[in-house]
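Since the structure is predicted, the reported quantities are computational estimates derived from the model, not experimental observations. Atoms within each ligand, like the ligands themselves, are counted from 1 in listed order. Just so you know, these numbers use all the heavy atoms, side chains as well, and skip hydrogens, waters and symmetry mates. Positions are given from 1 along the sequence.
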Amino acid sequence: MATTFGDAPVAINIKGLYAAYQRQPVLEDINLQFPAGKWTAIVGPNGAGKSMLFHVLTGSMKALRGSVHAFNEPIATHRKAGHIAYMAQREAIEWDFPVSVWETVMGGRYGHMRSDPLWRRLLPSPPWRGCA
Ligand SMILES: Nc1ncnc2c1ncn2[C@@H]1O[C@H](COP(=O)(O)OP(=O)(O)OP(=O)(O)O)[C@@H](O)[C@H]1O
Ligand SMILES: [Mg+2]
């Protein structure tokens, strides 16, 4: 497994990835590496499978085959540790729910914010904290 990307280490390593919606293949033998500390854009036509790739990357959808690692750890490990944040392209929105645009956008920074001591002081305690 490669550990560098030019001068940057590999952050995300996708190998031989296959994924499908109800047996309809969408991603077939995807092999990609994303460098750490850089912006990466996934560009493609409508229906190419960009959103599906993100669903697999965030661990919300299981691949049929292949592997996704972040910093040499399976993506599931990062998901459990709360390292992953994702701002969806489209979502079912409950318009009456009192969430501001700012809060919605900052949801994409969740993984970063929860490890930042300043944000930890500003964020409300999770409702489950202290529960048996
Ligand atoms: N819930 C679903 N069930 C079945 N097929 C789906 C579902 N969502 C997407 N698809 C199909 O899977 C394929 C990939 O869709 P995906 O949404 O990943 O594409 P995309 O590249 O993100 O497109 P866009 O640029 O429109 O956002 C398309 O053929 C799409 O019609
Ligand atoms: Mg999409």
Note to self: I'd like to know whether ligand 1 has G44 as a neighbour, heavy-atom separation below 4.0 Å.
What the structure shows: no
Margin query: If you compare all heavy atoms of A63 against all heavy atoms of A19, which two are closest, and at what distance to 0.1 Å?
Written below: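 So the two residues come closest at CA-CB, 4.5 Å.
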For [X], atoms of ligand 1 separated by under 4.0 Å from a heavy atom:
| X | answer |
| --- | --- |
| P45 | 21 (O) |
| Q22 | 3 (N), 4 (C) |
| G47 | 13 (C), 14 (C), 19 (O), 20 (P), 21 (O), 23 (O), 24 (P), 26 (O), 28 (C), 29 (O) |
| M52 | 18 (O) |
| V26 | 12 (O), 13 (C), 14 (C) |

[X] side chain vs [Y] backbone, donor-acceptor pair below 3.5 Å:
| X | Y | result |
| --- | --- | --- |
| T77 | E73 | no |
| S60 | H55 | yes |
| K50 | V43 | no |
| H78 | A70 | yes |
| N13 | Q33 | no |

Notebook entry, point to check: Counting backbone and side chain alike, does N46 bring an N/O/S atom below 2.8 Å of the Mg ion (ligand 2)?
Noted result: no
